[in-house]
Chemist: 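Here you go, one structure.
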Amino acid sequence: AGVKEDSFNVLDLAEYTKNRPWWRKVFAPSSGSSAEKYNVATQLVIGGVTGWCTGFIFQKVGKLAATAVGGGFFLLQIANHTGYIKVDWKLVERDVNKAKQQLKFHSSGNKMSPEVKSRVDEVIIFLKKNVILTGGFAGGFFLGMAS
């Protein structure tokens, strides 16, 4: 009798996401700038809270990393002084000089690759579109680092 044929639209996700900015892929396909969706107070609160959380975590991880690096260096110095290990300082100096030369060589060009430049441009556009949210995040980040 009445056979109904369902029609399906095929969406090629690779083509769909190829030209979309990374932040839209992460947050939502329909997400535009935060200014289009939230009022100023909400943007400041969202940015401030996420910034404070990020700054607080960054501070705690930074202290832990500094303690680990400092403690490791201290233990290496004790082991070197007591004779458990021997450090070939000439080899260390040679490797440090080689690393310095490579850094000078890479920084002398001072040109970004097109991939990095396009990512930087995307971030700048995102920051310009969401300036209030970004400001709240920056303020919250510094408060989180201070607490």
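All values derive from a computational prediction rather than experimental measurement.
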Chemist: Please tabulate, one pair per line, all N/O donor-acceptor pairs under 3.5 Å involving side-chain atoms of residues 44-52, not counting sequence neighbours.
Modeler:
| unit_1 | atom_1 | unit_2 | atom_2 | d |
| --- | --- | --- | --- | --- |
| Thr50 | OG1 | Ile46 | O | 2.9 |
| Thr50 | OG1 | Gly47 | O | 3.2 |
| Trp52 | NE1 | Ser147 | OG | 3.3 |

Chemist: To the nearest 0.5 angstrom, please state how far the OG1 atom of Thr134 sits from the CD atom of Gln43.
Modeler: 9.0 Å
Chemist: Tell me if a side-chain donor or acceptor on Asn80 pairs with a main-chain N or O of Leu76 at a distance below 3.5 Å.
Modeler: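 Side chain of Asn80 to backbone of Leu76: no pair is present.
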Chemist: Working to the nearest 0.5 Å, report the span between CD1 of Ile125 and CG of Asp121.
Modeler: 6.0 Å
Chemist: Would you compute the distance between atom SG of Cys53 and atom CZ of Phe137 and round it to the nearest 0.5 angstrom?
Modeler: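 If we round to the nearest 0.5 Å, Cys53:SG and Phe137:CZ are 9.5 Å apart.
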Chemist: Who are the side chain to side chain donor-acceptor pair (under 3.5 Å) partners of Thr42, not counting sequence neighbours?
Modeler: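 Partners of Thr42 by the side chain to side chain donor-acceptor pair (under 3.5 Å) criterion, ordered by chain and then number, come out as Asn39.
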Chemist: Between CD1 of Ile85 and CD of Gln77, what distance do you get to the nearest 0.5 Å?
Modeler: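 Ile85 CD1 to Gln77 CD: 8.0 Å, rounded to 0.5 Å.
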Chemist: How long is the straight-line distance from CZ of Phe141 back to CD of Gln59, given to the nearest 0.5 Å?
Modeler: 10.0 Å
Chemist: Taking Asp95 as the fixed residue, which of Asn97, Val92, Leu91 is the one that meets the side-chain contact (heavy atoms from CB on, under 4.5 Å) rule?
Modeler: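 Going through the options one by one, the only one that passes is Leu91.
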Chemist: Ile78 versus Tyr84: any side-chain heavy-atom pair under 4.5 Å?
Modeler: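 Ile78 does not reach Tyr84 side chain to side chain.
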Chemist: Do Glu93 and Lys90 sit within salt-bridge range, that is, some charged N less than 4.0 Å from a carboxylate O?
Modeler: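 No salt bridge links Glu93 with Lys90.
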